[in-house]
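See structure below.
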Amino acid sequence: MPDKNSRLYPLERIRNIGIIAHIDAGKTTTTERILFYTGKTYKLGNIDEGSTVTDWMAQEKERGITIVSAAVTTFWIPKEGPFAGTETRINIIDTPGHVDFTAEVERSLRVLDGGVTVLDAEEGVQSQSETVWRQADKYKVPRICFINKMDKMGADYFATLKSIRERLGAPACPYNLPLGRENEFQGIIDLLTQKAYVWKDETGMKFEEIPIPEEEKANVEKYRHELVEKIAENDDTLLEKYLKGEQIETDELKKALRKAVITYKIVPVLAGSSLRNKGVQPLLDAVVDYLPSPPDIVEIQGINPKTGGKEVRKQTIDAPFCGLAFKIQIDPHVGKLTYVRIYSGTLKSGTSVLNATRHDRERIGRILLMHANTREEIAESYAGEIIAIVGLKNTATGDTLCNEAAPIILETISFPEPVISMAIEPNTKADQEKLGYALGRLSEEDPTFKIKSDFETGQTIISGMGELHLEILVDRMKREFAVDAKVGRPQVAYKETIAGQATGEGKYIRQSGGRGQYGHCFLRVEPKPRGEGYEFKSEIKGGAIPQEFIPSVEKGVREKMDMGVLAGFPMVDMKVAVYDGTYHDVDSSDIAFKIAGSLALEAAAKKAGLTLLEPIMKVEVTIPEQFMGDVIGDLSAKRAQILSSEHHGKSVIITALVPLSEMSGYVTTLRSMTQGRGSVYMEPSHYEEVPQNIADKIVAKAKGESKES
């Protein structure tokens with residue numbers, strides 16, 4: 001058995017996993033139980049009491065939600081199966097469930113090898129469960145499903161299993177079955193070993209094996225047969241045995257199941273109740289038995305920055321060092337922390353590495369192992385580990401760090417665009433400087449938090465993923481950076497785009513005594529499909545504009561697009577081509593062509609016809625059945641497109657697409673309509689054209705005009 005304190009831990013015995021789910025499904029409680037049963041903590045953390053390890057921020061304790069992902073390391077020794085008696089190191093990231101903090105989930109999934117998706121046994125697959133599942137699909141993360149809250153009223157294991165298969169399209173197979181449900185939930189039945197376990201001890205530390213109850217035997221036989229068949233389908237040797245009707249040993253099944261889970265052919269589904277301390281140890285066994293270790297995902301691919309060709313790196317300690325910076329955190333005690341997943345090689349403190357993304361050399365200061373908000377300093381770290389580094393100056397989220405002699409750029413992390421913004425201004429002159437520093441630090445931490453200055457009003461505009469997101473960030477400014485600031489009402493992040501194709505001319509000529517300014521260009525603009533962003537192309541032939549001035553034209557175009565033409569909102573989804581122009585041997589300059597590019601874009605955009613786009617939210621409203629008519633009527637009045645209404649027990653789940661501008665204060669409206677029994681979940685879906693009558697009002701307001709004038 002390796003020494004826990006030994007830094008060099010066998011790669012086969014490391015699991016990097018994330019706990020992912022919808023808000024309130026029980027991720028943090030599940031993480032707390034894992035830490036307790038593995039001996040990492042000696043007290044059961046409770047969200048309501050604010051005593052959890054991974055929800056350590058003041059805002060998390062107050063609101064009872066996870067805001068930032070927290071990394072913790074623990075150890076587990078399974079008693080049965082292929083890894084029985086072997087200690088495994090588990091690096092866990094507990095992620096937020098609220099859609100406003102989706103960046104935390106995105107970056108965590110990018111660096112994890114496996115995931116545990118926690119689902120509410122009564123609610124089944126909810127919207128955010130679907131979102132995080134798709135995020136995990138994007139990074140090909142093997143998963144286990146844990147149907148939590150089996151003790152809750154309305155808990156239904158098989159209905160949740162059905163929703164996993166239908167809504168997520170996952171190859172889900174029951175791995176264990178619940179023993180009882182709601183207030184009669186006692187434990188689980190392991191289908192492979194055909195053993196039943198019940199938890200009677202209040203802390204859940206002790207559980208005992210009992211004979212499978214008579215009334216459950218038919219179910220066990222049916223679902224075990226289904227599981228064995230599914231495992232055999234994915235293993236030629238076992239398939240032969242299965243078809244011949246030969247006995248297949250449990251260990252053989254477990255080894256084959258491990259391969260099937262890693263290749264995403266099977267998603268095992270387990271049951272339990274984290275809050276009631278039942279079913280967590282079998283989940284830990286399943287994490288060790290079925291989720292991949294770094295060597296199971298044999299190698300990682302990247303780009304060689306020197307050649308532009310593909311570069312492959314084996315996930316071993318002997319390979320040259322490379323790692324991905326996936327999170328920046330400002331720590332009040334040690335300053336800027338950069339979280340890094342090490343994919344290959346060894347990293348030592350005091351050495352220099354290459355930031356291949358920025359072609360910059362960085363010096364490694366201190367290396368820390370994080371346990372939520374507590375730290376343990378180490379001298380070196382190895383492939384397969386998740387660590388934090390102090391001392392990196394220019395490394396941002398998504399950058400690749402590597403050995404200078406063997407450069408590689410790994411796949412970066414993409415984040416969604418903000419959908420809501422508000423103005424913020426300091427209360428005093430002294431707060432002005434502190435505000436700038438706080439905004440810079442927070443935007444460095446959070447890639448979905450954007451800052452810009454409004455040139456006309458001089459205001460600072462902050463943008464984020466939702467009202468809660470901005471509220472938390474403003475609260476952090478006050479608490480962590482002592483910034484006293486006033487904020488405006490949240491504003492919807494509208495965008496502008498063009499309706500058709502057009503051309504425009506931009507000419508900038510200034511004569512003033514000495515050397516003048518001369519820039520002249522012609523641009524063509526055309527719309528692109530929604531969500532495809534911006535593209536710039538040079539079609540200059542014969543040197544009509546010298547090559548060195550083309551980037552200046554594009555800079556002018558970009559600046560004008562950021563400022564907007566119609567109502568001051570950023571422009572998106574368009575292709576811009578510079579196809580002609582003239583220049584002056586002496587007077588032409590970068591600044592002149594930048595201004596010419598800006599003028600040409602404005603002229604072309606006005607000719608092409610401008611339209612306003614608004615963010616559309618996917619909204620899921622859960623209500624008691626008797627309020628269905630009123631709620632649908634109210635949503636329709638908000639320009640909603642009702643997609644579906646689904647009965648789930650005594651509740652109805654209404655799914656709709658609704659403009660974000662119509663959803664201000666909706667939580668309060670819904671509560672008053674449903675006697676406090678309704679709940680709503682929103683996530684950004686896409687951008688859509690604003691109806692003309694509403695667009696006119698928005699443009700008039702943005703320009704400071706009344707509709708009459």
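Nothing fancy with the numbering, it's 1 onward along the sequence.
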Charged N to carboxylate O below 4.0 Å: is that the case for [X] and [Y]?
X: E445; Y: K336; result: no
X: K607; Y: E505; result: no
X: E539; Y: R524; result: yes
X: R341; Y: D113; result: yes
X: K528; Y: D573; result: no

Above 12 or not: heavy atoms from other molecules or residues under 6.0 Å from [atom1] of [X]?
X: E532; atom1: CD; result: yes
X: R361; atom1: CZ; result: no
X: K393; atom1: NZ; result: no
X: Y583; atom1: OH; result: no
X: K314; atom1: NZ; result: no

- Query: About how many Å separate CG of N394 and OG1 of T357, when rounded to the nearest 0.5 Å?
  - Reply: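 So the gap between those two atoms works out to 12.0 Å.
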
- Item | Partners passing ring pair (Phe, Tyr, Trp, His ring centres under 6.0 Å) against F522 (at least two apart in sequence or in another chain) | H520

- Task: Can you sort out the partners of F549 under ring pair (Phe, Tyr, Trp, His ring centres under 6.0 Å), two or more places apart, ordered by chain and number?
- Result: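 For F549 the ring pair (Phe, Tyr, Trp, His ring centres under 6.0 Å) partners, ignoring immediate neighbours, are F593.
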
- Task: Start with the C-alpha gap between E688 and H686, add the side-chain angles, then the distance that decides, and say whether side chain to side chain donor-acceptor pair (under 3.5 Å) holds.
- Result: CA-CA 7 Å; E688 221 169 72; H686 61 284; 2.8 Å; yes

- Is V141 close to Q135 at the side-chain level, that is, under 4.5 Å between some pair of heavy atoms?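 Contact flag for Q135/V141 side chains = no.
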
- Query: Step by step, would you call R476 with V474 a side chain to side chain contact (heavy atoms under 4.5 Å, CB included)?
  - Reply: CA-CA 5 Å; R476 285 188 63 194; V474 170; over 6 Å; no

- Message: Would the distance check show the side chain of E496 and the main-chain N or O of V565 forming a donor-acceptor pair, the cut-off being under 3.5 Å?
- Response: yes

- Task: Please confirm whether the backbone N or O of P426 pairs with a side-chain atom of D431, one donor and one acceptor, at under 3.5 Å?
- Result: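 Not confirmed, D431 side chain does not pair with P426 backbone.
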
- Note on the structure: Residues passing the side-chain contact (heavy atoms from CB on, under 4.5 Å) test with S349, sequence neighbours excluded, are I367

- Side chains of T346 and E380: is there a donor and an acceptor less than 3.5 Å apart? no

